[in-house]
Amino acid sequence: MNYFNIHAQEQDLPGSDEQLKPHAEFIHKNYAGSHKLKGKVALITGGDSGIGRSVALHFAKEGAQVAITCLDTEVELADAEWVKDWIEKEGGVCKIYPVDLRESQNCKDLVHHVLEDFKRINILVNNAGTQFPNEDFATLTDEQWLNTFAVNIHSIFYLSKAVLPQFSSGDVIINTASVNAYVGPKALIDYSATKGAIISFTRALSNQLISQGIRVNAVAPGPVWTPLQPATWGKVDPESMENFGSDTPLGRCGQPSELGPAYVFLASQDSSFISGQTIHPNGGMMVGG
Ligand code: NAD
């Protein structure tokens with residue numbers, strides 16, 4: 001069994017989704033929002049594609065106004081426009097912010113622009129991330145190490161710092177970790193290290209902010225059918241894409257549509273007694289922590 005047993009989105013999709021055959025599903029057709037995020041403004045990094053896109057669509061369905069970031073490339077801008085169009089057709093509000101999140105000043109500027117446009121941010125979803133498989137530690141370059149950390153964890157530090165001064169009780173941060181923080185795949189040493197850092201960062205920041213009513217949690221997805229996978233593993237071993245995720249107990253990878261609801265849960269009052277935790281939409285893989 002593989003990802004083919006899940007219904008994929010039957011509509012034309014832009015840019016990066018061209019690499020996804022079959023196309024991914026970002027939100028179940030029958031997903032009915034119930035105003036869980038009404039009145040909230042969410043900033044979602046990497047909201048143009050994959051898991052971040054699913055989060056954006058679900059948040060909009062739940063009544064949030066969403067600000068999404070993407071890289072300033074033709075492909076990602078087209079992805080982001082698709083998300084914006086979808087949300088606007090649903091009667092929601094979405095704005096696009098092209099930005100490279102590796103730089104502290106870019107993160108500060110981003111938050112400044114979102115606050116200018118929306119007047120507040122209540123939910124920060126740190127989702128942007130990257131990975132570069134490397135089978136031989138001896139050849140893992142300083143540049144790759146620093147770049148993976150800059151995208152995956154430094155950006156979370158910069159953005160959390162930038163949004164917090166205007167956060168108040170009830171506002172939340174949700175970080176995207178990975179099952180690989182626990183598994184530690186041999187070809188993803190730098191990536192796994194950043195994802196472990198995200199889980200510890202989540203715990204410690206939660207401990208500092210919880211007394212203010214600000215919650216910080218993480219999601220640690222298992223294998224999910226997004227452009228990141230063919231763009232990275234597909235280059236190393238295209239055949240591996242056929243069975244991507246088949247080693248989970250469920251026997252398949254997840255669809256982005258199976259991730260968005262976890263973020264809705266952590267963003268909404270439904271999770272009001274949960275902070276500093278990591279939840280595991282990963283097809284049944286057992287992890288510690
Ligand atoms: P994706 O390729 O669809 O999304 C990655 C996003 O990161 C893109 O939207 C891109 O704009 C953004 N990004 C990358 N570099 C950036 C930079 N320098 N500045 C700003 N934005 C940048 O892939 P995805 O699978 O949806 O990944 C989303 C998150 O989920 C990542 O943090 C990834 O590590 C995590 N994750 C994915 C899987 C999976 O199997 N797909 C599993 C576990 C965790």
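Since the model is a prediction, treat every value here as computed from it, not as a measurement. As the structure lists them, so they are numbered: ligands from 1, and atoms in each ligand from 1. The figures here come from the full heavy-atom set of this structure, side chains too, leaving out hydrogens, waters and symmetry mates.
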Student: Taking R53 first and then D48, would you say they form a salt bridge - that is, a charged N and a carboxylate O separated by under 4.0 Å?
Tutor: no
Student: Using a plain distance cutoff, I'd like to know if Q229 has any nitrogen or oxygen under 3.5 Å from a nitrogen or oxygen of ligand 1.
Tutor: yes
Student: In chain order, what residues pass the ring pair (Phe, Tyr, Trp, His ring centres under 6.0 Å) check against F157, with sequence neighbours excluded?
Tutor: none
Student: Show me which atoms of ligand 1 lie under 4.0 Å from any heavy atom of P227.
Tutor: 3 (O)
Student: Checking the N or O distance criterion of under 3.5 Å, is ligand 1 in contact with V224?
Tutor: yes
Student: Hey, is L71 one of the residues with a heavy atom under 4.0 angstrom from ligand 1?
Tutor: yes
Student: Select the closest option to atom 31 (C) of ligand 1 among I153, N127, V219, T176, judged by heavy-atom distance.
Tutor: N127
Student: With the threshold set at under 4.0 angstrom, would you say A231 reaches ligand 1 through any of its heavy atoms?
Tutor: no
Student: With atoms numbered from 1 as shown, which atoms in ligand 1 lie under 4.0 angstrom from a non-hydrogen atom of Y191?
Tutor: 33 (C), 34 (O), 35 (C), 36 (N), 43 (C), 44 (C)
Student: Does a donor on one side chain and an acceptor on the other come within less than 3.5 Å for D100 and N106?
Tutor: no
Student: Distance under 4.0 Å to a non-hydrogen atom of K195: what atoms of ligand 1 satisfy this?
Tutor: 31 (C), 32 (O), 33 (C), 34 (O)
Student: Have a look at G129, G50, G46 and point out the one with the heavy atom closest to atom 5 (C) of ligand 1.
Tutor: G129
Student: Within ligand 1, which atoms have a heavy atom of V99 less than 4.0 Å away?
Tutor: 19 (N), 20 (C)
Student: Short list, please: which atoms of ligand 1 are under 4.0 Å from a heavy atom of R102?
Tutor: 18 (N)
Student: Distance under 6.0 Å and angle within 45° of the ring axis: does R252 meet both against W225?
Tutor: no
Student: Side chain, backbone, both or neither: which applies to A177 and ligand 1 if a contact is any heavy-atom pair less than 4.0 Å apart?
Tutor: backbone
Student: Flag the pair K61 and E90 as a salt bridge only when some basic side-chain nitrogen lies within less than 4.0 angstrom of an acidic carboxylate oxygen.
Tutor: yes
Student: Suppose I only count heavy atoms of I51 and a 4.0 Å limit; which atoms of ligand 1 are within that range?
Tutor: 26 (O), 30 (O), 37 (C)
Student: Please report the closest heavy-atom contact between T69 and V99, naming both atoms and the distance.
Tutor: CB-CG1, 3.8 Å
Student: Between Q166 (side chain only) and V163 (backbone N and O only), is there a donor and an acceptor less than 3.5 Å apart?
Tutor: yes
Student: Any side-chain to backbone donor/acceptor pair from Q255 onto E25? Under 3.5 Å, distance only.
Tutor: yes
Student: Give the single entry among S178, A80, A128, P281 that approaches atom 12 (C) of ligand 1 most closely by any heavy atom.
Tutor: A128
Student: Any sub-3.5 Å donor-acceptor pair from N175's side-chain atoms to T202's backbone N or O?
Tutor: no
Student: Checking contacts here: is it the side chain or the backbone of E76 that comes within 4.0 Å of ligand 1, counting heavy atoms only? Could be both or neither.
Tutor: side chain
Student: Counting from 1, what ligand 1 atoms have a heavy atom of D100 closer than 4.0 Å?
Tutor: 17 (C), 18 (N), 19 (N)
Student: By number and element, which atoms of ligand 1 are closer than 4.0 Å to a non-hydrogen atom of P221?
Tutor: 42 (C), 43 (C), 44 (C)
Student: Less than 3.5 Å between some nitrogen or oxygen of D48 and one of ligand 1, yes or no?
Tutor: yes
Student: Measure up the F118 and Y97 rings against each other and bin them: parallel (under 30°), tilted (30 to 60°), perpendicular (over 60°).
Tutor: tilted
Student: In terms of side-chain heavy atoms, does N147 have a donor or acceptor partner in E143 at a distance below 3.5 Å?
Tutor: no
Student: Are any of the N or O atoms of L101 closer than 3.5 Å to those of ligand 1?
Tutor: yes
Student: Apply ring pair (Phe, Tyr, Trp, His ring centres under 6.0 Å) to F132 and list each qualifying residue two or more places apart in sequence or on a separate chain.
Tutor: none
